[in-house]
Amino acid sequence: MIVTDESLQKRSLVNFLKASLRGISQVVLIENAITGFIFLIAILFFSYSLAIIAFLSAIIGTLTARVGGGDEDAINQGLFGFNSVLTGMALALFLSGPHQWIIALIGAAIAGILTAALTYFTRNSGIPMLTFPYIILTWFLLLASYRLKAFNLRSDLIPQGLADWKLTVGGDINWLHSFFNGMGQIFFMDNPISGFLLFVGLFWASWKIGLYAILGTAVTLALAYFLGADHDLISAGLYGYNAILTIIAVSKVFNSGHHPLAFISGIVAACLTVPITASVSTWLLPFGVPALTMPFVLCTWLFWQQEKSCQSFK
Amino acid sequence: MIVTDESLQKRSLVNFLKASLRGISQVVLIENAITGFIFLIAILFFSYSLAIIAFLSAIIGTLTARVGGGDEDAINQGLFGFNSVLTGMALALFLSGPHQWIIALIGAAIAGILTAALTYFTRNSGIPMLTFPYIILTWFLLLASYRLKAFNLRSDLIPQGLADWKLTVGGDINWLHSFFNGMGQIFFMDNPISGFLLFVGLFWASWKIGLYAILGTAVTLALAYFLGADHDLISAGLYGYNAILTIIAVSKVFNSGHHPLAFISGIVAACLTVPITASVSTWLLPFGVPALTMPFVLCTWLFWQQEKSCQSFK
Amino acid sequence: MIVTDESLQKRSLVNFLKASLRGISQVVLIENAITGFIFLIAILFFSYSLAIIAFLSAIIGTLTARVGGGDEDAINQGLFGFNSVLTGMALALFLSGPHQWIIALIGAAIAGILTAALTYFTRNSGIPMLTFPYIILTWFLLLASYRLKAFNLRSDLIPQGLADWKLTVGGDINWLHSFFNGMGQIFFMDNPISGFLLFVGLFWASWKIGLYAILGTAVTLALAYFLGADHDLISAGLYGYNAILTIIAVSKVFNSGHHPLAFISGIVAACLTVPITASVSTWLLPFGVPALTMPFVLCTWLFWQQEKSCQSFK
């Protein structure tokens, strides 16, 4: 059989699309094109335009890495896609006005460059970059809106001095909503059905990680309630998404065994996202930008090293 | 003679307590269990409950490192204790309400994990972590109080916009108080007698370092007065504790010789804590958290490398 | 011929002065004593006292590095001078009152130490420090003014809560002024003739880099206008100086070839300084300090690695 140029090209295109879909699944640290596709369906269910932005951003991030000469394996695993996906979606959501789409897609491209740059600078330290490039970039571009007319910040992102802040704990919690919204908020969605679909994608990739994520989220939400977090924020899933991401990140390091200490430290790490989310939100209050996945990044950095030394016990 | 299991256990417990006391002495970068014990007496003189928290935190930090598989030598030197001691004490002091003690002790445990994580990430850079883990963690947990009902911030930690700030230089300075309080503030105490007892502990470990610390503090306080710092803050020792820590840190690097440039650079480093304390306090004003030992950390980082290249002259 | 001690000393003094002048030219990443001299003339044209501070700061930075045992080659290339030059000038300009000159010169000395320290700590990472030491130090020393009477901040550096901020786009732009002021603002000057003289110095060192800088600045200014930046700030050159520095930094990496991707990425990097300048200014608004060359540092860090991987294509 002769492999024609055309079939090679087709295969290359398929590979490229798979890499892009893996970029979407890598948002939850999973390398699985089908999971990425299910995630895309979940986003589509929430908003057509957001799903298009997510897909285009994944493509742009993967393309930027390829043009910039990134590591081929890492590109195929989707590791240059997820920061672009999140940046594109965040900018499309938190900005408004006529230029929001263009800014979102350019942001997705810059996210690819920033991911490459930060990965390069920290290559010797063993610190995983996770979603750090997306967070920094999104904060920066959102705040550019105060100086550039072309950037219009969504009107509910209001900076506030800490001196003027009053904590309200508020009304009832819908626990089922807070649970699925916690999954949904990973992609900025407060829609329980989209959250459910995301769980389907997660279970497709690994039912073990899925169950572990459910357990971790349940414990974390209970803790957030017990520590007296704002009930509305709990219901909206804003105390859940960092916990889910953290527990997936920590469990990934342990996929080889069932070390009891490792199991517990994953739950502890998820619980720690509650005070860290509270704290990061407070730091950012005077600047009026959301915490994004910073609590997850900080918590995972804190426990990653711990896991490594735990593994050496086995 | 046969070593029984019981005697081994007893010895192991004594070693563990010694490591914990060294954790207290390591707050001033000294490895000496008796100095740690004298420090504990000094804290006991100031407040029973604070001394208990300090001792429990030292034990928790040391225990966390042992469970987490930290380096045995470093644990015995107390290097996993001092960040826990400071974190526990700071949280117990700056928080109020029914949960402050539990939060303080959990904070002490997290400080142990954070110290291990940061030490791991910077292992190739040669940057000593000093009290950096404690500072970052304490700032984070104090600010979580704005979002979680279970965390109650002490009512005098008030955030303030820089635009509203007026510098008052205020009344008289009691130089003797400002001197001993400078030592006392290392452990958050504005009690001259406790400060005096801390000096006793320091001289026990090394009278050379003790004398050097006295000289450095005297020069620094004079500079703070000359530069027009708030007299009340000088009297409370808040311009002194970072200077003492810095001069001990710098002199530690030079314990092998009497290099004149080294001697001077220790004094210069101590003096630099004055503008750096002023600046860090300003940065933190909108967030309402205290500067803690950040000026010491920044100043020591600045001079540590310098010392190394100075040493290469000899 | 016998080389006398006297002639050796003379030569050594000439070398030292040349290294100091190269410290001035290194502000724009160029190693050329004559360019440094032309820059000094440009500053002299703007202000006698500022030129004296610039020259003294260059000497102090070079001297500090020599006393501290810095690398001889790096010292001769002026790499320990430029952070001191900028720190001295910035402190002299942004502080007022009787002590501003002394603080400026002491600041220049500390800048030398800080440059050495940061270079040492990042020696394995391959991150160039650029003007980062100067930026951090100047921000710190300016904010010390809120706590120390001896530091008087210039009255137009007013901190402001983001909630109170209104963006005004303002009146007409004088494009020629905004162009030359962009060059001038590298040394804090809003005088088109001084800006012109700086361009002369740049062309003396390399007309290729000069032309590239002109092209990059033109594209950047057009983008700033298109994105709706404040016209007054554009005219004052405040959207230009970071672009010029960035394009010089990026083009330096490519002086060996004419790679088309490299050429474009230099322009893209310059363009990116516009949103980054907008964003950094916003972050700093509550603290009331200027952005200095932080946008240039961030943008160059972002693209430096990219360039390296681009070069590997050739």
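Predicted model, so just to flag it, every value in this text is computed and none were measured. Lettering follows sequence order; numbering is per chain, from 1.
Counting non-hydrogen atoms of neighbouring residues, nucleotides and ligands closer than 6.0 angstrom, the OH atom of B/Tyr225 reaches no more than 12 such neighbours. When the shell of 6.0 Å around CG of B/Asp156 is examined, it contains more than 12 heavy atoms from other residues, nucleotides or ligands.
Looking only at distances, no side-chain donor or acceptor of B/Thr282 sits under 3.5 Å from a matching main-chain atom of C/Ala144.
Classified by interplanar angle (parallel below 30°, tilted 30° to 60°, perpendicular above 60°), the ring pair B/Trp283/C/Phe140 is tilted. Taking the six-membered ring where the residue is Trp, C/His99 and B/Phe226 present perpendicular rings, their angle passing 60° and hence far from 30°.
For the pair C/Pro286 and B/Leu162, the tightest heavy-atom approach, listed with the atom from each and the gap, is O-CB, 3.7 Å. The shortest non-hydrogen separation linking C/Ile110 to B/Leu302 is CG2-CD2, 4.2 Å. Considering every non-hydrogen atom in both B/Val169 and C/Lys149, the closest pair reads CG2-CG, 3.2 Å. The minimum heavy-atom distance linking C/Phe151 with B/Pro275 is given by the pair CZ-CB, 4.4 Å. Contact between C/Pro159 and B/Ala163 at its shortest, heavy atoms only, is O-CB, 3.5 Å.
Proximity to chain C (any heavy atom under 4.5 Å) is restricted, for B/Tyr239, to the side chain, taken from C-beta onward. Residue contact with chain B, scored on non-hydrogen atoms closer than 4.5 Å, is absent for C/Ile158.
Under the side chain to side chain contact (heavy atoms under 4.5 Å, CB included) test applied with C/Arg147, the options B/Leu233, B/Asp230, B/Val274 reduce to a single match, B/Leu233.
Contact count against chain C (heavy-atom pairs under 4.5 Å) is highest for B/Ser281 among B/Ala229, B/Ser281, B/Gly161.
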